[in-house]
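Notes to accompany the following structure.
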Protein chains: 2
Amino acid sequence: MVRKGGTRERVYEYVRKRILEGTPPTVREVQRELGFRAVQSAQEHLDALVASGRLEKVGRVSRGYRLPGSIGTASFVPLLGSVQAGELSEAIENLDAYVAVDHDFGDRRGFALRVRGDSMIDAGILPGDIVIVCEQPHAENGEVVVALVDDEATVKRLRIRDGRVELHPENRSYPVIVPADPLRILGRVVEVRRYLESDIRPV
Amino acid sequence: MVRKGGTRERVYEYVRKRILEGTPPTVREVQRELGFRAVQSAQEHLDALVASGRLEKVGRVSRGYRLPGSIGTASFVPLLGSVQAGELSEAIENLDAYVAVDHDFGDRRGFALRVRGDSMIDAGILPGDIVIVCEQPHAENGEVVVALVDDEATVKRLRIRDGRVELHPENRSYPVIVPADPLRILGRVVEVRRYLESDIRPV
DNA sequence: TACTAAATCAGACAAATGTCGGGTATACTT
DNA sequence: AAGTATACCCGACATTTGTCTGATTTAGTA
């Protein structure tokens, strides 16, 4: 036996690579890749990897191996061109473009929004950028949020001064917004993206 | 038969949903979901969807349905904390963090790099931002590139003036870099990202 | 009505696939 | 020497899965 200690690692590396590529391998594909003459050899390595928590397994279905903790399972969130009034759900329903995210939204939903205007340019958020948003009705002081102002979604930094809620643009040319009505927050921005060349490819 | 015209669409929606969730369905899973009493019913819808180009199929393996054009098949690129000298390949080998991208790199490889310094701040690239890079040895005038300067990777905009190559920061506090030796370009920046809260989750 | 095309169903087969019981060899421990 | 754990192998079985042939139903049309 020339290489013994490294076999387990090679199995893991191969499975991980296949999962990240989008197609978890079958047990026999692992067997062939590693050169085992018995299925059981691959199976035992996989079992051991699952037992040690480095892999997870969903039922006894084919290609059922995953990376733990939903890691590596990129999800897609809908890209909304614009959001108006309270039609967030409807806007999400009708959209046909998605962007891949590796963010974990937990119980909440996520969506993406294309930024209009340069009111956040000093925060490095340029017109045309895409923000990834975690849908939630509340946010804390200092967080960048998507809020409804005049029935249109806008990206601003939330400030709370003396118990009063303000929306601060990060551009000296724009005024601070002090909402008269209770502010409707659509979500909190968790990521900013800029595609420098290719368009977003609709999924 | 109450709903007939919509069945094809329902099959497509289901398959797409499953693919985006990371696990393409088997033919019989489609059958069960749609309530068909025959496998063939699901099979024919799938064949039709493939024939019309709305789905793609890889060989006669299980769970072999994909969205066309590698769309929806998010891949992961390695996140490099720093790149020095010519050790790009080695740096990629050793990394343990990945970020999900929906960019299509074609034949080329992609990687991600954390930006140091504020030399590109006027281009909306802040310190700590992550750039997604398409590995390529050449770039065109005006493109943002990752290049080796003093054996360290740096992000700058490439300018070609009178046949001379220059690296322009987008921050008036920094000088234009005019490389003495032939410039070594690691790749072209195709995307800029900023995670506002959570750390990158290692994959 | 007769014809046609599409959709669905019925049944089946071969290959792929997950799983299991038991065997062999090696290294290490007691 | 005996025991034990690990890694690997052999053969096999039941499901799952992709695929095929043919029949039935339904809707539309000449």
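Since the structure is predicted, the reported quantities are computational estimates derived from the model, not experimental observations. Here is how names work: the chains are called A, B, and so on, in the same order as the sequence lines, proteins then strands, and each is numbered from 1.
A/Glu44 places its CD atom 12 Å from the P atom of C/dC20, with the value rounded to the nearest Å. The CD-P distance, from A/Gln31 to D/dC9, rounds to 9 Å in whole Å. If you measure from atom CZ of B/Arg10 to atom C1' of C/dT8, you get 14 Å, rounded to the nearest angstrom. For A/Leu34 and D/dA7, the CG to P distance is 13 Å, given to the nearest whole Å.
Salt bridge B/Arg109/B/Glu135: present, at least one basic N to carboxylate O contact under 4.0 Å. Under the 4.0 Å criterion applied to side-chain N and carboxylate O atoms, A/Glu140 and A/Arg159 are not assigned as salt-bridge partners. Between B/Glu143 and B/Arg157 there is no salt bridge, since no side-chain N of the basic residue sits under 4.0 Å from a carboxylate O of the acidic one. Taking 4.0 Å as the cut-off between side-chain N and carboxylate O, B/Glu191 and B/Arg193 count as a salt-bridged pair. A/Glu13 has no carboxylate O lying under 4.0 Å from a charged side-chain N of A/Arg8, or vice versa, which leaves the two without a salt bridge.
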- [ ] Determine, for nucleotides 15-20 of chain D in 5'-to-3' order, which nucleotides have protein heavy atoms under 4.0 Å from the base (write B), from only the sugar-phosphate (write S), or from neither (write -).
- [x] --BBBB

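In this structure, B/Thr7 reaches the C/dT8 phosphate: one of its side-chain N or O atoms is under 4.0 Å from OP1 or OP2. For the OP1/OP2 pair of C/dT8 and a distance below 4.0 Å, the side-chain nitrogens and oxygens of B/His45 include at least one atom meeting the criterion.
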Solution key, residues 25-32 of chain A side-chain donor-acceptor pairs under 3.5 Å, sequence neighbours excluded:
from: A/Thr26; atom 1: OG1; to: A/Glu29; atom 2: N; distance (Å): 3.1
from: A/Glu29; atom 1: OE1; to: A/Arg18; atom 2: NH1; distance (Å): 3.3
from: A/Glu29; atom 1: OE1; to: A/Arg18; atom 2: NH2; distance (Å): 3.3
from: A/Glu29; atom 1: OE1; to: A/Thr26; atom 2: N; distance (Å): 3.1
from: A/Glu29; atom 1: OE1; to: A/Arg63; atom 2: NH1; distance (Å): 3.2
from: A/Glu29; atom 1: OE2; to: A/Arg63; atom 2: NH1; distance (Å): 3.4
from: A/Glu29; atom 1: OE2; to: A/Arg63; atom 2: NH2; distance (Å): 3.4
from: A/Gln31; atom 1: NE2; to: A/Phe36; atom 2: O; distance (Å): 3.4

